[in-house]
> 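Quick one: the structure is below, questions incoming.
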Amino acid sequence: MPTQQDSLYEHLHPLTTVMKQHFVENFSGGTLDTFRWNRATYDATKSGTVAVADEVNGGIKLLTLDEDYGHVWYAFQTEQLNGLESTLSPQHFSPTGSVFIDVFKHTLVSGVGQSVLSSGGAGLVGGGSSAGRGDQGSAAGSSGFSHYCRGNFGSFSAKTTNAGSDSGNISSGVTYDNDWHCNKLELKSSSADWTLDGVLKTTTAITTTLPDDDLAPVIGVSKWTQSGVVGVQCNYVECYNT
Amino acid sequence: MTFDSVYEMFKPLDELRNQHFWDWFSGYSLDSKRWTSYGNTGHTVAMDDAVDGGLYLQAGTSDNDYAGIGFGGTLGNDQAVRPFSHNSSKIIFVQKFSANGEYQASASGFDQKLRGDALGAAESGAILVTSVHNGSGKWVLRTGNGSDYSGYTYVTSSSMDTDWHVFSIECKSSSAELTIDGVTEATSTTYLPTARMGISFGIQSEGSATAKTNINYCEAYNT
């Protein structure tokens, strides 16, 4: 057995070390925690839903509408459904020394197959007015690091983004499925690492288009023009500065 | 090696765990079902949009302007929820302060009452205090027993600064102990608390200064 400690703090650090910002969300309870997180969309007519999932290990579930370009994100901000893209706040996590961990799955429903061109994922996003979109953070003025899946890629992927540029699709080589997976995204001073279920997937380190904005966690899903509903679920998020 | 449960990180299953609380102070806003925030004109209690920013409390620019958070109730009265023992509890928090001269007083730790101006004579508590009235420029551990308090008796070895620190205050049967970054800095043996307590963080401005403090972690438990 590992050593028990009196405090959670001492499980993470000795009292001689000042802990940096650390955040844990278990996504359990009767209703969504709207103090920490809220729903965000850039087009209210295409806004999907976010709800606690009444399932074993369900966590929260984000579902798009069956609309072209349906989407929804869940992030550190006020609820934003009026068509505006919003700024995340607070952006507590460092672009050069932070970790994001989640337990996450992609859920395709309503007969939508894996060939559907959809994008769902999670990670750290930051920066300016479009950061609240969370769809890979690739807009000018934003940057981030996220894992995601698009139906036409066929495997789980990740990318870093910075001001309209990105690292390109980093493929895990793991065929896309609808099972739960644990992702860890780590941003270091000059590189970024992604592990999927404990296995390093950025075997060639990402060293370009690294984020340079302060960051906040975002979970989201969006789709293109195929019919049907796509979704993601998440039952754990942990972020901390290293 | 890992633990199967959070419970077992602290206690074996054949030992009962006492009340244990932590808050990461991250996310869009303060959880107002856990915390009551308060303040007068010019105050702010909000998440700080900065790396490691956590929550910040800022008071107004007039003497004795104030801001703070606690476990409910009305200002100056007992906190609505006081789950922590007067003689067997510990609080750990990561906090930073603006310059010493900006505070009439600050109060961080266990307090019977909802107030942020460094506990007075009518309440039990064990708190970290900064104050312009303490001319030493040091941190202070202050304890109160409901009829009197320890004032500036228990001063730390180290001087106050504006860096992040991890503070702990442990209330024991015959003492209260303050550590800063793991080093014991002050031990009170007088005016020890006699009533159960809630958690309190508060500040009170000095002169035209805008007193500010940030907190990005708090954990409290009964030992």
Side-chain angles (χ1 to χ4, degrees), chain A residues 1-26 29 31 33-40 74-80 86-98 124 126 132 213-217 237-242, chain B residues 1-4 6-12 15 17-18 20-35 46-56 90-96 163-168 170 179-184 214 216-223:
Chain A
M1 281 285 286
T3 305
Q4 286 167 331
Q5 302 284 349
D6 291 337
S7 67
L8 179 61
Y9 193 101
E10 290 163 290
H11 274 287
L12 300 170
H13 301 281
L15 287 172
T16 51
T17 299
V18 178
M19 182 168 70
K20 297 178 178 177
Q21 190 85 52
H22 203 126
F23 171 79
V24 176
E25 174 66 68
N26 292 301
T31 59
D33 176 354
T34 54
F35 295 111
R36 292 171 149 184
W37 307 81
N38 274 296
R39 183 167 54 140
Y74 198 49
F76 282 9
Q77 57 184 8
T78 57
E79 186 169 70
Q80 186 65 261
S86 58
T87 299
L88 300 174
S89 181
Q91 296 175 14
H92 275 162
F93 300 100
S94 167
T96 56
S98 60
L124 290 165
D213 295 299
D214 298 342
L215 304 165
V237 165
E238 178 173 1
C239 309
Y240 54 95
N241 287 325
T242 55
Chain B
M1 296 281 283
T2 57
F3 290 100
D4 289 337
V6 173
Y7 192 104
E8 290 164 290
M9 291 167 64
F10 306 111
K11 297 280 187 188
E15 279 187 38
R17 192 186 83 152
N18 293 325
H20 201 136
F21 168 88
W22 55 76
D23 199 314
W24 307 100
F25 292 120
S26 194
Y28 171 66
S29 64
L30 181 69
D31 184 342
S32 60
K33 291 191 175 178
R34 290 181 152 190
W35 299 96
M47 294 297 168
D48 203 343
D49 185 20
V51 170
D52 294 321
L55 180 81
Y56 77 101
K90 186 170 184 176
I91 183 167
I92 298 168
F93 49 97
V94 178
Q95 188 170 11
K96 71 173 183 177
D163 298 334
W164 286 101
H165 294 282
V166 54
F167 301 93
S168 78
E170 182 166 5
T179 72
I180 303 176
D181 301 336
V183 177
T184 302
N214 289 61
N216 67 20
Y217 184 75
C218 171
E219 177 175 2
Y221 53 96
N222 288 323
T223 55

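By convention in this document, chain letters (A, B, ...) are assigned in the order of the sequence lines, proteins followed by strands, and residues within each chain are numbered from 1.
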> Is B:Ile180 close to chain A through its backbone or its side chain, or both, or neither, when contacts mean heavy atoms under 4.5 Å?
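Neither the backbone nor the side chain of B:Ile180 comes within 4.5 Å of chain A.
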
> By a 4.5 Å heavy-atom criterion (distance strictly below it), what part of B:Trp164 contacts chain A: side chain, backbone, both, or neither?
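Contact with chain A is through both the backbone and side chain of B:Trp164.
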
> Side-chain contact test, heavy atoms from C-beta onward, threshold under 4.5 Å: evaluate it for A:His92 versus B:Trp24 and give yes or no.
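A:His92 vs B:Trp24: side chains apart.
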
> So for B:Phe10, is it side chain, backbone, both, or neither that comes closer than 4.5 Å to the heavy atoms of chain A?
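Contact with chain A: backbone and side chain both.
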
> Would you say A:Gln21's side chain and B:Gly54's backbone share a donor-acceptor pair under 3.5 angstrom?
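It does hold such a pair.
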
> Given heavy-atom pairs under 4.5 angstrom as the criterion, report whether the side chain, backbone, both or neither of B:Phe3 touches chain A.
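Contact with chain A involves both backbone and side-chain atoms of B:Phe3.
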
> So which of B:Met47, B:His165, B:Glu219, B:Glu8 has the largest heavy-atom pair count under 4.5 angstrom toward chain A?
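Result: the option with the highest number of such pairs is B:Glu219.
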
> Checking A:His11 against chain B: side chain, backbone, both or neither under 4.5 Å from a heavy atom?
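It is the side chain, since no backbone atom gets that close.
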
> So for A:Glu10, is it side chain, backbone, both, or neither that comes closer than 4.5 Å to the heavy atoms of chain B?
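Only the side chain of A:Glu10 comes within 4.5 Å of chain B.
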
> With a 4.5 angstrom heavy-atom cut-off, could you sort out which part of B:Thr223 is near chain A: side chain, backbone, both or neither?
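For B:Thr223, there is no contact with chain A at all, as no heavy atom is under 4.5 Å.
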
> Any idea which heavy atoms bring A:Pro90 and B:Gly27 closest together, and the distance?
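Scanning both residues completely, I find the closest heavy atoms to be CD-O, 3.0 Å.
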
> Can you tell me which of A:Asn241, A:Asn38, A:Thr3 forms the most heavy-atom pairs within a distance under 4.5 Å of chain B?
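Of A:Asn241, A:Asn38, A:Thr3, A:Asn241 has the most heavy-atom pairs under 4.5 Å with chain B.
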
> Measuring from A:His22:NE2 to B:Phe25:CZ, what's the distance to the nearest 0.5 Å?
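Output value for this atom pair is 15.0 Å.
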
> Got a sec: does the NZ of B:Lys90 have more than 12 other heavy atoms crowding it under 6.0 Å?
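Above 12, so yes.
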
> Verify side chain to side chain contact (heavy atoms under 4.5 Å, CB included) between A:Leu8 and B:Tyr221, making sure each step is shown before the conclusion.
CA-CA 10 Å; A:Leu8 179 61; B:Tyr221 53 96; over 6 Å; no

> Pick whichever of A:Ser7, A:Ser89, A:Ser94 has the most heavy-atom pairs under 4.5 Å with chain B.
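Option with the greatest count: A:Ser7.
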
> Taking every heavy-atom pair that is under 4.5 Å apart, which of B:Ala50, B:Ser32, B:Ser26 has the most such pairs with chain A?
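When all of B:Ala50, B:Ser32, B:Ser26 are compared, B:Ser26 has the most.
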
> Nearest 0.5 angstrom please: B:Phe93 CZ to A:Met19 CE, how far?
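If I round to the nearest 0.5 Å, the distance is 13.0 Å.
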
> By a 4.5 Å heavy-atom criterion (distance strictly below it), what part of A:Thr17 contacts chain B: side chain, backbone, both, or neither?
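Looking at A:Thr17, just its backbone touches chain B.
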
> Find the one option among B:Asn216, B:Asp181, B:Asp52 whose heavy-atom pairs under 4.5 Å with chain A are most numerous.
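Result: the option with the highest number of such pairs is B:Asp52.
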
> Would you confirm whether A:Gln91, through its side chain, and B:Asp49, through its main-chain N or O, come within 3.5 Å as a donor-acceptor pair?
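Looks like no, no N/O pair under 3.5 Å.
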
> Between B:Lys33 and chain A, which part of the residue has a heavy atom less than 4.5 Å away: side chain, backbone, both or neither?
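Backbone plus side chain of B:Lys33, per the 4.5 Å heavy-atom cut-off to chain A.
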
> Among A:Trp37, A:Phe35, A:Phe76, find the one that has a side chain to side chain contact (heavy atoms under 4.5 Å, CB included) with B:Ser29.
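Exactly one candidate clears the test, A:Phe35.
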
